[in-house]
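As the structure lists them, so they are numbered: ligands from 1, and atoms in each ligand from 1. As the structure is a prediction and not an experimental result, all values here were calculated from the model.
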Amino acid sequence: MQKILVTGALGQIGVELIDALRKTYGKNHVIASDLRADAENAYGPYEQLDVLDTQKLTEVIKEHKITRIYHLAALLSAVGEHHPLKAWDVNMTGTLNVYEAARHHGVESVFVPSSIGAFGASTPLDQTPQDTIQRPSTMYGITKVAGELLGDYYANKFGLDCRGLRFPGLISYLAPPGGGTTDYAVEIFHYAVKGQPYTCYLRPDTSLDMMYMPDALQACIQLMEAPADQLIHRNAFNVTAMQFTPEQLTAEIQKHVPDFTINYEVDPIRQSIADSWPNSMDDSAARQEWGWSPEYDLSKMVAEMLKHLR
Ligand code: NAD
Ligand code: AKB
């Protein structure tokens, strides 16, 4: 049975992933970790762990005899543009520390999420292929491309089973998003259920890939359980579930909340990031190699989000 460490476990993905992993592998087989000393959201084994602290990282891996790591600790795109050097440190040095500790201390497999942020304006933005030009313009994107390459390097050079997904914007109701460009697609629901208008920082026609969290959790577990000989790419799979603009999301919410209104005050930093990201990704490699098949489309996701937030 796997013994799993999750870094950055108190973030938007982590709080739900630890629960999903514990249902699959057992409560005591999943160690949550994050920067905070208190961990009331961890509901099980927890370690305070800064991924920049290599000594503590090694201790945690050895003490719990970790065999698999889900490395979620990172700074997201918008925060990363405000703190680029910190984003480099956490996303790059943190990931390198995790790979190094893993290969030296008996860890067999490591999951590191990438992002639509690993693409840039020179990438084909419609049906973005699995293998294509990656010249991102954000510090976040630079760290994501380098993280993808590091995964390939550690797999090829040291035989560490490094896998990962290029996630689109993730939509969930439990933990708030951590400061990304796609956060509007979560925030908007909180305003809709409170009966308040929402001011969106992206233009109404900005199309981005998105996914509802249960599909993302399923993808994290399914990819890591896929037989290695089925995977041609292994690392950095495009995965998507839906594409929409703020205008289209608003129209879908209005089917349930007819009085809901939106207005727009465009933030030039986040708008330029969104403009450099795909309008829609081609995720056929994930579908073919390990059976990726999302359950939630726009209308199903909106109905579920509103139901849970109410
Ligand atoms: P988040 O910002 O919600 O959570 C990140 C967590 O990392 C936070 O709890 C934070 O305290 C922790 N952290 C920050 N610095 C740390 C450090 N030095 N040591 C240990 N922990 C640290 O992020 P998330 O949305 O849960 O994203 C997790 C991963 O998934 C990231 O790699 C992110 O790039 C990727 N991803 C997320 C999305 C999304 O829409 N949420 C989309 C694509 C990719
Ligand atoms: C962000 O907007 O930074 C994240 C992502 C898509 O990587 N949600």
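Residue Asp34 has at least one nitrogen or oxygen atom sitting less than 3.5 Å from a nitrogen or oxygen atom of ligand 1, judged on distance alone. Considering backbone and side-chain atoms alike, Leu170 places an N or O below 3.5 Å from some N or O of ligand 1. For Tyr140, a nitrogen or oxygen atom sits less than 3.5 Å from a nitrogen or oxygen atom of ligand 2, counting backbone and side chain alike. Polar contact check, Asp183 against ligand 2: no nitrogen or oxygen pair lies under 3.5 Å apart.
Side chain of Asp283 to backbone of Ala286: no donor-acceptor contact under 3.5 angstrom is found.
Contacts with ligand 1 closer than 4.0 Å are made by no heavy atom of Ala9, backbone or side chain. Residue Val90 touches ligand 1 through its side chain alone, judged by heavy-atom distances below 4.0 Å. The part of Lys144 lying near ligand 1 is the side chain, judged by heavy-atom distances below 4.0 Å. Of the heavy atoms in Ile116, none comes closer than 4.0 Å to ligand 1.
A cation-pi geometry, defined here as NZ or CZ lying under 6.0 Å from the six-membered ring centre and within 45° of its normal, holds between Arg103 and Phe158.
Scanning the protein for heavy atoms near atom 34 (O) of ligand 1, the closest one is Tyr140 OH, 2.6 Å. Considering only non-hydrogen protein atoms, atom 3 (O) of ligand 2 sits nearest to Ser77 OG, 2.6 Å. For atom 33 (C) of ligand 1, the nearest protein heavy atom (residue, atom name, distance) is Leu76 CD2, 3.3 Å. The single protein non-hydrogen atom nearest to atom 5 (C) of ligand 2 is Ser115 OG, 3.5 Å, given as residue, atom name and distance. Protein heavy atom at the shortest distance from atom 4 (O) of ligand 1 is Gly11 CA, 3.2 Å. For atom 3 (O) of ligand 1, the closest non-hydrogen atom of the protein is Gln12 N, 2.8 Å. From the protein, the heavy atom lying nearest to atom 20 (C) of ligand 1 is Leu49 O, 3.2 Å. The nearest heavy-atom contact from the protein to atom 28 (C) of ligand 1 is Leu72 O, 3.2 Å. In terms of protein heavy atoms, atom 8 (N) of ligand 2 is closest to Thr182 OG1, 2.8 Å.
Of the listed options Gly169, Gly180, Pro168, Gly94, Pro168 places a heavy atom closest to atom 42 (C) of ligand 1. Comparing heavy-atom distances from atom 16 (C) of ligand 1 across Leu75, Asp209, Leu35, Val112 singles out Leu35 as nearest. With distances taken over non-hydrogen atoms, the option nearest atom 37 (C) of ligand 1 out of Leu165, Val51, Asp50, Ile13 is Ile13.
Contact annotation: Gly147 has no heavy atom less than 4.0 Å from any atom of ligand 1. The closest approach between any non-hydrogen atom of Thr7 and ligand 1 is not below 4.0 Å.
In this structure, a donor-acceptor pair under 3.5 Å is present between the side chains of Ser114 and Glu148.
Annotation for ligand 1: atoms under 4.0 Å from non-hydrogen atoms of Ala73 are 7 (O), 20 (C), 21 (N), 22 (C). The atoms of ligand 2 that sit less than 4.0 Å from any heavy atom of Leu76 are 3 (O). Per-residue contacts place Gly178 under 4.0 angstrom from the following atoms of ligand 1 (heavy atoms of the residue considered): 2 (O), 3 (O). Close approach to Ala74 involves these atoms of ligand 1, each under 4.0 Å from a residue heavy atom: 5 (C), 7 (O), 31 (C), 32 (O). If you number the atoms of ligand 1 from 1 as listed, the ones under 4.0 Å from a heavy atom of Ser115 come out as 43 (C), 44 (C). Those atoms of ligand 2 with a heavy atom of Thr181 less than 4.0 angstrom away are 1 (C), 2 (O), 3 (O). Those atoms of ligand 1 with a heavy atom of Ser114 less than 4.0 angstrom away are 43 (C), 44 (C). For ligand 1 and Phe167, the ligand atoms under 4.0 Å from any heavy atom of the residue are 42 (C), 43 (C), 44 (C). Below 4.0 Å from some heavy atom of Leu10 lie the following atoms of ligand 1, by number and element: 9 (O). Taking a cut-off of under 4.0 Å to the non-hydrogen atoms of Ile116, the atoms of ligand 2 that pass are 6 (C).
Placement of Met213 and Ile188 in two distinct hydrophobic clusters is found when ILVMFWY residues are connected by side-chain heavy-atom separations under 4.5 Å, directly or transitively. There is a path of hydrophobic side-chain contacts, each under 4.5 Å, that joins Leu298 to Phe260. Tyr173 is connected to Tyr184 through a chain of hydrophobic side-chain contacts under 4.5 Å among Ile, Leu, Val, Met, Phe, Trp and Tyr, so both are in one cluster.
The 12-atom threshold is exceeded at OH of Tyr25, counting heavy atoms of other residues, nucleotides or ligands nearer than 6.0 Å. Within a 6.0 Å radius of NZ in Lys65, other residues, nucleotides and ligands contribute 12 heavy atoms or fewer. Heavy atoms from other residues, nucleotides or ligands lying under 6.0 Å from NZ of Lys86 number 12 at most.
Results of the side-chain contact (heavy atoms from CB on, under 4.5 Å) test with Val302 over Leu249, Val257, Asp297 single out Leu249 as the only residue that passes. Under the side-chain contact (heavy atoms from CB on, under 4.5 Å) rule, Arg68 has a single partner from Ile4, Val110, Val6, which is Ile4.
Contact between Gln48 and Lys56 at its shortest, heavy atoms only, is O-NZ, 2.6 Å. Taking all atoms of both residues into account, the shortest heavy-atom contact from Arg287 to Ser293 is NH1-CA, 4.3 Å. A pairwise comparison of heavy atoms in Ala9 and Ala32 identifies CB-CB, 3.7 Å as the closest pair. In terms of heavy-atom proximity, Asn28 sits nearest to Pro45 at OD1-CG, 3.7 Å.
We find that Arg270 and Asp183 are not joined by a salt bridge, their nearest charged nitrogen and carboxylate oxygen being 4.0 Å or further apart. Using a 4.0 Å cut-off between a side-chain N of Lys or Arg and a carboxylate O of Asp or Glu, Arg36 and Asp38 qualify as a salt bridge. The pair Asp152-Arg234 does not count as a salt bridge, with every side-chain nitrogen at least 4.0 angstrom from each carboxylate oxygen.
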